[in-house]
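Only this structure's heavy atoms are used, side chains among them; waters, hydrogens and symmetry mates stay out.
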Amino acid sequence: MTPDTTADTTAAAERPSGPFRLGDRVQLTGPKGRLHTITLRTGGELHTHHGVLKHEQLVGQPDGSVVANSGGHEYLALRPLLRDFVMSMPRGAAIVYPKDAAQILAQADIFPGATVVEAGVGSGALSLWLLRAIGAEGRLVSFERRDDFAAVARANVETFTGHVPANWDVVVGDLAEELTDAVAPASVDRVVLDMLAPWECIDAVAEALTPGGVVVCYVATATQLSRVAEYIRGTGLFTEPDANETMVRGWHVEGLAVRPDHRMVAHTGFLIWARRLAPGAVPPEVKRRASKSSYGDEDVELWTPGAVGDRQITDKNLRKRVREAERAAEGARLASGRADHPGESA
């Protein structure tokens, strides 16, 4: 029987382990803790003021090896974890940080085999976490308005996974307009919205979600948080929304010197989530203290993309990021033996 080499290659890409191969990304930690991330290539070399480290020294070595360069300086070699990769990969747009991605997976209850919709895809950081969570039996549909951002995301996902996942569809367009053509009504388990104005998509999301399904919105400012909460409540189609933010503080632990780090990853964004009610269901009335829940035109102006800080990346910088991402994806294709078939899905 002829061995199924395609299956072997896919398995190797999905389970990054074993000896280092050409095309692998390797994270090198030097004596002073400085990190270098390289893609192993034939004839490749890492040059620093401490000396030269040839890529061929790493090929065939097990993960977690220590190698010395020409100057005798030692480097710890490890395959980057997903959190390492997303923090260093080429970016077309701002990424969802690992601390927030972990909360999205938890609050949305992303499970193996789920059908998930996300918008926008940005640089593909959240797509990688979602693809890992849903597994091979799930389906991810990612919407992105900009084709150049979508190109960066596709390349980043291929770089990390070693192939283009067959269960991942990237739709270039507006979710509010394209969702009905991409999925059947009441067929989506989870929706994640990472955009400036998620309230513009809530009606389309309500139609696509199955009863009991979850929508999670990731927003940067309190004014965005307020408006999306009021819109969700106003539809009458969801449970009462919940919201939070996550802050992570590291600790220095060395002998009796135990103290908080001087720096921390504080506010990056808010998460707000709710569940889809069954058709015709009326949620029980929630008793609240009187508050200023209404808003006028002057309040809406504060929620416009420019007011909430819609940062633009220059075309020149974005073209550079696209080239970086595509070069990394080429290395991943080399590692998986698909260099002659760049468009092929594993």
Side-chain angles (χ1 to χ4, degrees), residues 80-111 114 116-134 138 140-146 148-161 165 168-172 175 188-199 201 205 214-222 224-225 228 241-250 264-274 305 308-313 318 321 324-325 328:
L81 300 176
L82 179 50
R83 69 165 185 256
D84 301 322
F85 177 77
V86 299
M87 294 302 293
S88 63
M89 68 187 189
R91 302 180 188 182
I95 66 167
V96 175
Y97 280 80
K99 72 180 183 69
D100 296 316
Q103 283 295 305
I104 288 171
L105 297 183
Q107 303 297 355
D109 190 37
I110 308 295
F111 58 91
V116 179
V117 168
E118 69 160 336
V121 67
S123 300
L126 183 59
S127 303
L128 282 163
W129 293 105
L130 293 172
L131 286 165
R132 174 175 284 182
I134 65 176
L140 175 63
V141 184
S142 302
F143 289 83
E144 174 54 56
R145 290 178 176 177
R146 295 186 55 165
D148 42 12
F149 284 2
V152 172
R154 289 189 189 100
N156 283 333
V157 170
E158 183 178 2
T159 298
F160 188 79
T161 63
W168 183 41
D169 298 314
V170 180
V171 179
V172 178
L175 177 143
V188 176
D189 299 300
R190 308 290 187 257
V191 176
V192 182
L193 302 178
D194 174 16
M195 56 178 62
L196 282 169
W199 50 87
C201 299
V205 165
V214 181
V215 58
V216 176
C217 301
Y218 181 61
V219 293
T221 70
Q224 289 171 292
L225 180 67
V228 71
D242 289 308
N244 68 20
E245 65 175 331
T246 303
M247 291 178 279
V248 175
R249 182 173 70 173
M264 67 178 290
V265 181
H267 176 77
T268 49
F270 298 101
L271 292 181
I272 179 169
W273 63 95
V308 298
D310 184 11
R311 296 186 297 274
Q312 298 293 329
I313 185 172
L318 183 55
R321 305 293 175 81
E324 290 175 356

>> Rounded to the nearest 0.5 Å, what separates atom CG in Leu131 from atom CD1 in Ile110?
In response: 11.0 Å
> Under the side chain to side chain contact (heavy atoms under 4.5 Å, CB included) criterion, do Ile104 and Leu126 qualify, and how do the steps go?
Replying inline: CA-CA 9 Å; Ile104 288 171; Leu126 183 59; 4.2 Å; yes
>> According to salt bridge (charged side-chain N to carboxylate O under 4.0 Å, His left out), does anything in residues 90-109 pair up with another residue at least two apart or in another chain? List the pairs.
In response: Asp109-Arg190
> Got a donor-acceptor contact below 3.5 angstrom from the His267 side chain to the Thr246 backbone?
Replying inline: no
> How many angstroms lie between atom CD1 of Ile272 and atom CG of Leu193, to the nearest 0.5 angstrom?
Replying inline: 11.0 Å
> Of all heavy-atom pairs between Ala101 and Val96, which one has the smallest distance, and what is that distance?
Replying inline: N-CG1, 3.7 Å
> What's the shortest heavy-atom distance between Gln224 and Met195, and which atoms?
Replying inline: NE2-O, 4.1 Å
>> Could you go through Phe270 and Asn244, starting from their C-alpha distance and side-chain angles, then the distance that decides it, and tell me whether this counts as side chain to side chain contact (heavy atoms under 4.5 Å, CB included)?
In response: CA-CA 6 Å; Phe270 298 101; Asn244 68 20; over 6 Å; no
> Looking only at heavy atoms, which two atoms of Val172 and Ala150 are closest? And how far apart?
Replying inline: CG2-CB, 4.0 Å
> Is it true that a side-chain atom of Asn156 and a backbone atom of Ser123 form a donor plus acceptor pair closer than 3.5 Å?
Replying inline: yes
> Roughly how far, to the nearest 0.5 Å, is OG1 of Thr268 from CD of Glu245?
Replying inline: 8.0 Å
> Which pair of non-hydrogen atoms, one from Arg83 and one from Pro98, has the smallest distance, and what is that distance?
Replying inline: CB-CG, 4.0 Å
> Under 3.5 Å, side chain of Gln107 to main-chain N/O of Leu271, donor-acceptor pair present?
Replying inline: no
>> Please find the pair of heavy atoms, one from Val152 and one from Pro90, that lie closest to each other, and give the distance.
In response: CG1-O, 3.6 Å
>> For a 4.5 angstrom cut-off between non-hydrogen side-chain atoms, does Val192 reach Val215?
In response: no
> When rounded to the nearest 0.5 angstrom, what distance separates CH2 in Trp129 from CG in Leu105?
Replying inline: 7.5 Å
>> I need the minimum non-hydrogen distance between Phe149 and Ala93, along with the two atoms involved.
In response: CE2-CB, 3.6 Å
> Passes side chain to side chain contact (heavy atoms under 4.5 Å, CB included), Thr161 versus Leu128? Steps please.
Replying inline: CA-CA 8 Å; Thr161 63; Leu128 282 163; 4.0 Å; yes
> Tell me, do Leu140 and Ile134 make a side-chain contact under 4.5 Å, heavy atoms counted?
Replying inline: yes
> Nearest 0.5 Å, what's the OH-OH distance between Tyr218 and Tyr97?
Replying inline: 8.0 Å
>> Donor-acceptor pair, distance only, cut-off 3.5 Å: does the side chain of Glu118 make one with the backbone of Ser142?
In response: no
> Given the rule in the side chain to side chain contact (heavy atoms under 4.5 Å, CB included) test, do Phe143 and Val121 qualify, once you have shown the distances and angles that lead to the verdict?
Replying inline: CA-CA 6 Å; Phe143 289 83; Val121 67; over 6 Å; no
> Taking C-beta and beyond as the side chain, do Val216 and Val214 meet within less than 4.5 Å on heavy atoms?
Replying inline: yes
>> So, taking the atom named OG in Ser127 and the one named CZ in Arg132, what distance separates them when rounded to the nearest 0.5 Å?
In response: 13.5 Å
